[in-house]
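Residue numbers start at 1 and run along the sequence shown. Treat the numbers as computed from the prediction; the structure is a model and nothing was measured.
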Amino acid sequence: MTSQISRRFIYFICCVSALGGLLFGYDWVVIGGAKPFYEAYFNISDNPSMQGLAMSIAIAGCLLGAMVAGLFADRFGRKPLMIFSAAVFLVSAWLTGAVDRFIPFLIARFIGGVAIGVASGLSPMYIAEVSPSRMRGKMVSVNQLTIVIGILLAQIVNWLIAAPVDVSSGATFVESWNCQRGWRYMFWAEAYPALAFLLLVVFIPESPRWLMMKTRVEDARKVFSNIGGMEYAATEIKAIEAAEKRSDSKGSLQLLFRKPYLALIITGIIIAVFQQWCGTNVIFNYAQEIFSNAGYDLGEMLFNIVLTGVTNVIFTIVALYAVDRLGRKSLMLIGSGGLFAIYLLLGGCYYLQVSGVFMVVLVMLAIACYAMTLGPVTWVLLAEIFPNNVRGMAVAVCTFALWTGCFTLTYTFPLLNAGLGSDGTFWLYSAICLSGFVYFKRVLRETRGKSLEQIERELLKN
């Protein structure tokens, strides 16, 4: 039966859906390269609270986006909400670069965050629902690959757009082209992939498992047949109908926090929040401060940021092959344990005032460790551990928790950095990673190579 699987069709619909991940990555990181320029333009360079607000306001929008996805993904389907997120990405990209005042800038970033919140949960969930069991980990990881490609794309765009400041002209930094115009083009460049996403998502089918949930059996059969032929479609439909008979409850927020779903939603929330509180994402959003504290100037800092993006892409590709071979639990343990050791060393280097290439190497190791483990595997687990009848709401709740963790991480980093120093901050992240390792070792179950319905049977037994 697996020989009939139409890999070309699966790759097409999964890659189109994963464009939401690319926009998520671009929109999330582009602000890091634009940071020194828009801060000078809006005169907030010496205001840590406003700096933190500018960096984290999009994440507040992510929380609203996750709520939107939770309310409407099971009601209206996965595809309409992906179309919505693509349109919002397009509007936000134009608006962020067009504003001249700080408050409208914050509003534009918040709107972009709504699109990220919708796409971040929907894209991996859709991919998990259309992918055959043996390919699911790899295909959901494709979404993470597009996220890191979006990150790298934003870093390259920032690096290429940022022009050297000509001090010989007598102009101040705030009067430079970078501060007046350059940072705007960094945001406007996002409009191109957003338009591509909006046009292409029209051509992908609705999730067959959502169609089954809405009793549109023949529509679901058609999608499954396009994926793997009539025999594959009959097998999948039979398994879904059997799962629905075991649980005739409709998905709701209240249902998630009752037995037998309570333990699953707690595990999902912990996985989601840990992916953020492990600390790696501050390297992307606050790379300027990290590399500046390591002794690099602005030009070197932007180049080093690109190197982090290249490392991120390379090791996410490694994850594509590792997630269905090593398994989800093993990779989560490798990621949390590896980051514990790396952050311990990184904090020690800051404490001893070590600078230069060794610091860059440690940062690259942290990115590599995260990219092949916690980054993609979190989304794989969130997309597959929940039963079909509550998956949309459950993934939305976990996505909401993830972005809450991201908001607190991003907003508190400059405050922690000022209060604890860079050494104390990374030692704190190291302790969090050690706690995650212990939790995953004791609680996490392996889901590699199992159908979504088989995972549902096994996890709901406990």
Side-chain angles (χ1 to χ4, degrees), residues 14 18 21 25 120-121 123-125 127-128 131-149 151 264 267-281 283-284 308 311-344 364-386 395 398-399 401-402 405 429-430 432-452 454-455 458-459:
C14 289
S120 61
S123 290
M125 179 170 62
I127 294 171
S131 299
S133 302
R134 293 178 63 180
M135 299 175 62
R136 191 175 60 247
K138 180 178 180 180
M139 297 314 300
V140 175
S141 295
V142 166
N143 184 71
Q144 180 67 19
L145 178 61
T146 60
I147 292 174
V148 300
I149 289 174
I151 290 171
L264 284 181
T267 299
I269 289 172
I270 291 173
I271 291 170
V273 173
F274 178 77
Q275 192 214 45
Q276 297 301 311
W277 282 5
C278 74
T280 307
N281 287 332
I283 294 174
F284 295 114
T308 66
T311 303
N312 204 8
V313 170
I314 291 172
F315 282 90
T316 301
I317 293 173
V318 173
L320 293 181
Y321 296 94
V323 67
D324 283 326
R325 288 172 171 81
L326 298 179
R328 285 57 154 159
K329 180 173 181 176
S330 296
L331 289 175
M332 293 294 283
L333 292 174
I334 292 170
S336 53
L339 287 178
F340 158 71
I342 293 168
Y343 289 154
L344 203 63
M364 298 303 175
L365 285 175
I367 294 294
C369 182
Y370 177 86
M372 69 173 290
T373 58
L374 303 178
V377 179
T378 291
W379 295 109
V380 173
L381 286 170
L382 294 183
E384 65 185 13
I385 65 173
F386 299 110
V395 171
C398 292
T399 304
L402 184 146
Y429 295 152
S430 180
I432 292 172
C433 289
L434 180 60
S435 301
F437 179 88
V438 173
Y439 177 82
F440 297 140
K441 181 73 173 176
R442 297 181 60 184
V443 173
L444 206 57
R445 298 280 296 275
E446 185 55 66
T447 57
R448 174 182 54 166
K450 302 173 183 177
S451 71
L452 294 177
Q454 182 182 356
I455 294 170
E458 292 180 0
L459 293 183

Are any non-hydrogen side-chain atoms of Pro376 and Val140 less than 4.5 angstrom apart?
no
In Thr378, Leu331, Val323, the residue satisfying side chain to side chain contact (heavy atoms under 4.5 Å, CB included) with Thr373 is Leu331
Looking only at atom types and distance, does a side-chain atom of Thr280 sit under 3.5 Å from a main-chain N or O of Tyr370, one as donor and one as acceptor?
no
Over all heavy atoms of both residues, which pair between Cys369 and Ile342 is shortest? Give the atoms and the distance, please.
CB-CD1, 4.2 Å
Check: Tyr439 ring centroid to Phe274 ring centroid under 6.0 Å
no
Are the side chains of Arg136 and Ser133 in contact, using a 4.5 Å heavy-atom criterion?
yes
Do you know the tightest heavy-atom contact between Gly375 and Gln144?
O-OE1, 3.3 Å
Nearest atoms (heavy-atom pairs only) where Tyr343 meets Cys278
CE1-O, 2.8 Å
Would you compute the distance between atom CE of Met372 and atom CD1 of Ile367 and round it to the nearest 0.5 angstrom?
14.0 Å
Min side-chain heavy-atom separation Phe386-Val395 under 4.5 Å:
yes
Non-hydrogen side-chain atoms of Val377 and Leu374 separated by less than 4.5 Å:
no
Looking at CD of Gln275 and CE of Met332, how far apart are the two atoms once the value is rounded to the nearest 0.5 Å?
8.0 Å
Quick one: are Leu381 and Leu444 in side-chain contact, heavy atoms under 4.5 Å?
yes
Answer whether the closest heavy-atom distance between the side chains of Ile270 and Trp277 falls below 4.5 Å.
no
Would you give the length of the straight line joining atom CG of Leu145 to atom CG of Asn312, rounded to the nearest 0.5 angstrom?
9.5 Å
What heavy-atom pair brings Cys433 and Leu339 nearest, and what distance separates the two atoms?
SG-CB, 3.6 Å
Ile127 vs Val142 side-chain heavy atoms within contact, under 4.5 Å
no
Would you find a donor on one side and an acceptor on the other, under 3.5 Å apart, between the side chain of Ser131 and the backbone of Ala128?
no
Quick one: NZ on Lys329 to CZ on Arg445, what's the gap to the nearest 0.5 Å?
9.0 Å
For the residue pair Pro124 and Ala383, what are the closest heavy atoms and their distance?
O-CB, 3.6 Å
Atom OG in Ser141, atom CD1 in Ile147: separation rounded to 0.5 Å?
10.0 Å
Return the minimal non-hydrogen interatomic distance between Thr146 and Ala18, and the atom names on each side.
OG1-O, 2.7 Å
To the nearest 0.5 Å, tell me how far Arg328 CZ sits from Ile271 CD1.
11.5 Å
If you define the side chain from C-beta out and look only at heavy atoms, does anything of Trp379 sit under 4.5 Å from Ser120?
yes
